[in-house]
Engineer: 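Below you'll find the structure I mean.
Heavy atoms only: backbone and side chains are in, while hydrogens, waters and symmetry mates are out. On a predicted model such as this, the values are computed, not experimentally measured, just so you know. Below, chain A is the first sequence line, B the second, and so on; all start at residue 1.
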2 protein chains.
Amino acid sequence: MSKSNNVYKDAFNRCLRLLDETQSLPSEPELGTLLGVSRTTVRSILSRMEETGLIAWNKRNKTVLRAPRPEDFFPEEETDSLAEIIERSFMRRLLAGGAEAGMQINELELAREIGVGTTSVREFLIRFSRFGLIEKRRNSHWVLKGFTRAFALELTEIREMFELRSAAAFAALPHDSAVWADLDRLEVEHRQLASDIATRFNEFSELDERFHRLIHRASHNRFIVDFYDVIAMIFHYHYQWNKAEERQRNEVAIQEHLAYIAALKSRDPAKVDTACRKHLKSARQTLLSSIPEGRQAQPAGTLSATFVRA
Amino acid sequence: MSKSNNVYKDAFNRCLRLLDETQSLPSEPELGTLLGVSRTTVRSILSRMEETGLIAWNKRNKTVLRAPRPEDFFPEEETDSLAEIIERSFMRRLLAGGAEAGMQINELELAREIGVGTTSVREFLIRFSRFGLIEKRRNSHWVLKGFTRAFALELTEIREMFELRSAAAFAALPHDSAVWADLDRLEVEHRQLASDIATRFNEFSELDERFHRLIHRASHNRFIVDFYDVIAMIFHYHYQWNKAEERQRNEVAIQEHLAYIAALKSRDPAKVDTACRKHLKSARQTLLSSIPEGRQAQPAGTLSATFVRA
DNA sequence: GTAATGTCTTTTATCGTGAAAAAACATTTT
DNA sequence: AAAATGTTTTTTCACGATAAAAGACATTAC
């Protein structure tokens with residue numbers, strides 16, 4: 001089957017949305033930059049749009065003929081990259097229960113169950129290993145370390161160390177730094193979300209990530225910045241997993257963020273430290289409360305073969 | 001060509017060295033544990049040893065017939081795993097000069113030059129990416145970030161954060177913890193090396209790694225423990241690269257380690273902090289001094305095609 | 001009956017291959 | 001001549017296949 005053309009399909013869908021806004025599309029290189037793909041892919045997209053009567057295409061002229069209809073779009077599930085598919089599938093198994101620490105992970109079985117090649121699974125596992133949830137035995141299988149309380153505590157320990165340092169660095173940034181404008185914009189977004197919390201509370205997790213990434217970036221340290229990938233990944237699945245009291249949790253977090261932002265703007269190290277610690281403490285609490293120690297295993301019969309008892 | 005049998009060859013060589021010490025070899029499972037390989041590999045080894053007249057093998061009886069000769073060993077270079085070969089080759093290019101930040105890394109070219117498949121190179125690059133020296137552009141090539149002064153500073157910043165915390169945790173460990181015996185043994189080894197420094201100064205880097213890993217382990221945090229892989233990797237190549245004043249540097253480091261060990265044994269947090277800081281400071285100095293900012297690029301003609309100007 | 005050996009099965013490591021996508025080069029248009 | 005389009009080449013991504021190595025099961029030895 002070689003390679004799926006999800007890059008093309010995803011870019012095509014995104015390009016369709018552009019059609020609503022304009023009468024004619026920009027040049028090929030410009031479209032490429034806009035969509036984040038090469039000109040080769042742009043031309044494939046344009047070809048199909050011409051074929052399906054969406055545009056008239058003649059050299060530099062790309063006139064929009066009609067608005068896109070739902071059936072013009074490629075199905076959502078065909079636009080995901082293999083890596084995303086594998087990650088989702090793997091995380092579902094990991095969080096579904098029955099995945100206890102010490103179990104073996106079978107590459108071949110995982111590949112079969114997801115319906116992909118072993119190479120993709122191997123590469124995924126290698127990439128995934130930096131999250132500290134799995135470990136490789138030399139010349140042999142992977143071992144699951146488990147999404148345990150210990151894991152959450154180790155993760156938050158580093159997070160707190162890194163964020164306190166980043167926040168201090170942030171507050172020390174010169175007045176003319178561009179980050180202050182970024183922070184102002186994020187503050188506005190926080191206030192907007194706070195006032196619409198009843199309907200939009202599920203938009204918080206995305207805002208949360210952008211806010212913390214901005215702060216971590218102030219460290220100017222690639223290891224700190226990169227570590228946020230681990231946190232983001234865990235929180236992403238954690239948010240999906242634990243919907244209990246989501247609205248209230250997010251409401252509290254927004255207020256903590258606003259206090260945190262105010263402290264940063266004061267540029268007073270002590271205030272920053274206090275606000276940061278307070279928020280990190282409740283973030284840790286939230287994460288820990290979602291990990292019931294001694295999670296019950298599923299009946300053996302329904303247990304997927306991906307994770308195998310050692 | 002599929003898979004090389006380097007596991008077998010390496011284990012065979014190690015098993016040859018066992019022959020000197022005993023009259024007869026232990027059971028197959030026991031040998032497997034000893035050599036860190038499966039029984040399948042053990043049996044291959046025994047088969048060959050029988051064929052070449054090294055042992056007489058009949059079921060449980062594995063009698064040594066003669067001492068191994070140099071020609072019995074497999075050549076060293078055939079015992080390396082592909083990952084090691086690729087890493088060495090990659091690092092040589094990286095440190096050889098001409099590899100400037102921003103250059104593109106070409107998987108296919110790298111694979112061709114080393115003489116391996118692209119899959120192995122891809123997997124290596126994914127694993128290697130956690131060291132922070134390269135970065136992947138989505139759907140595209142890898143970008144070299146360069147072994148620069150900035151990299152060294154970011155690395156040491158994290159190292160210092162982690163080691164200070166680990167050292168404090170170490171000193172707080174209960175008296176009956178097994179680590180104190182480990183520390184005592186390391187202290188003895190340090191003293192021995194110090195007295196033989198003239199001839200054995202090059203053995204320090206291995207001792208250095210063991211010492212720091214022991215300390216980091218006291219953090220009981222997988223992210224801290226794993227991060228030492230990054231440090232170890234950089235120092236490993238750094239030691240190979242920068243041989244200037246190696247003996248004197250190591251002599252100083254040993255004394256700092258001994259002071260550090262004494263501080264740990266005192267279990268006085270303030271003393272530990274001071275000794276740790278002092279050592280980390282000179283370690284950073286050493287690393288930084290080996291990175292000449294604005295390293296000169298080689299003439300374009302001799303430049304390997306692995307790294308390509310963007 | 002425990003622990004070894006002997007045999008068979010499964011999994012991992014690596015390659016070559018081919019399609020998707022990017023990138024490079026050549027040509028045309030404004 | 002700068003920037004677009006048209007064309008060709010190269011690289012990345014993903015797969016199935018195969019030998020090495022691990023692991024599981026069956027049998028034998030102590």
Engineer: Can a side chain N or O of B:T119 be found less than 4.0 Å away from OP1 or OP2 on D:dA14?
Structural biologist: no
Engineer: When you measure from the side chain of A:S140, which nucleotide among C:dA20, C:dT11, D:dG23 comes out closest?
Structural biologist: D:dG23
Engineer: Just N and O in the side chain of A:S120: are any of them under 4.0 Å from OP1 or OP2 of D:dC15?
Structural biologist: yes
Engineer: Within the structure shown, what part of the strands sits under 4.0 Å from A:R138 by heavy-atom distance: base, sugar-phosphate, or nothing?
Structural biologist: nothing
Engineer: Of the options C:dT5, D:dT11, C:dT11, whose atoms approach the side-chain atoms of B:P29 most closely?
Structural biologist: C:dT5
Engineer: Taking any heavy-atom pair under 4.0 Å as a contact, classify B:I105: base, sugar-phosphate, or nothing.
Structural biologist: sugar-phosphate
Engineer: Counting side-chain heavy atoms from CB outward, which of C:dT11, C:dA13, D:dT12 is closest to A:E107?
Structural biologist: C:dA13
Engineer: Would B:T63 and B:N61 count as having a side-chain donor-acceptor pair, cut-off 3.5 Å?
Structural biologist: no
Engineer: Calculate the interatomic distance between A:N139 atom CG and D:dA20 atom P; express it in whole Å.
Structural biologist: 14 Å
Engineer: Taking only N and O in the side chain of A:R122, is any of them less than 4.0 Å away from OP1 or OP2 of C:dA13?
Structural biologist: yes
Engineer: Could a donor-acceptor pair under 3.5 angstrom be found where the side chain of A:K3 meets the base of D:dT12?
Structural biologist: yes
Engineer: When you measure from the side-chain N and O atoms of B:T41 to the phosphate of D:dA22, is any distance below 4.0 Å, counting only OP1 and OP2?
Structural biologist: yes
Engineer: Return no unless some side-chain N or O of A:N6 is found under 4.0 Å from OP1 or OP2 of D:dC13.
Structural biologist: no
Engineer: Let's see if you get this right: which residues in residues 52-63 of chain B place a heavy atom under 4.0 Å from DNA chain D?
Structural biologist: B:K59, B:R60
Engineer: Using heavy atoms to find the nearest nucleotide of DNA chain C for B:G115 and A:V7 separately, return the residue whose nucleotide is more 5′.
Structural biologist: B:G115
Engineer: Considering every strand and a 4.0 Å limit on heavy-atom distances, what is the contact class for B:S44: base, sugar-phosphate, or nothing?
Structural biologist: nothing
Engineer: Counting side-chain heavy atoms from C-beta on, which of C:dC25, C:dA21, D:dA24 comes nearest to A:S38?
Structural biologist: C:dA21
Engineer: Can you figure out which of D:dT18, D:dT12, D:dT7 approaches the side chain of A:R39 most closely?
Structural biologist: D:dT7
Engineer: Kindly point out which of C:dA21, D:dA14, C:dT14 is positioned nearest to the side chain of A:L82?
Structural biologist: D:dA14
Engineer: Rounded to the nearest angstrom, tell me the gap between atom CD in A:Q104 and atom P in C:dT10.
Structural biologist: 15 Å
Engineer: Is there a donor N/O on one and an acceptor N/O on the other, under 3.5 Å, for the side chain of A:T40 and the base of C:dA23?
Structural biologist: yes
Engineer: Counting the atoms with a prime plus P, OP1 and OP2 as sugar-phosphate, which does A:K136 contact under 4.0 Å by heavy atoms, base, sugar-phosphate, or nothing?
Structural biologist: sugar-phosphate
Engineer: So, B:S89 versus B:R93: side-chain donor-acceptor pair below 3.5 Å or not?
Structural biologist: yes
Engineer: Just to be sure I understand the rule, does B:S4 reach a base, reach only the sugar-phosphate, or reach nothing, if contact means heavy atoms closer than 4.0 Å?
Structural biologist: sugar-phosphate
Engineer: May I ask you to check whether B:Y237 and B:E87 show a side-chain donor-acceptor distance below 3.5 Å?
Structural biologist: yes
Engineer: Among C:dA4, C:dC15, D:dG6, which is the nearest nucleotide to the side chain of A:R43?
Structural biologist: D:dG6
Engineer: Counting side-chain heavy atoms from C-beta on, which of C:dA23, D:dA22, C:dT12 comes nearest to B:H141?
Structural biologist: C:dA23
Engineer: Looking at C:dC15, D:dA20, D:dC15, which one has an atom nearest to any side-chain atom of A:V116?
Structural biologist: D:dC15
Engineer: When you measure from the side chain of B:Y8, which nucleotide among D:dT5, C:dT5, D:dA21 comes out closest?
Structural biologist: D:dA21
Engineer: Using a cut-off of 4.0 Å on non-hydrogen atoms, how would the nucleic acid contact of B:R112 be classed: base, sugar-phosphate, or nothing?
Structural biologist: sugar-phosphate
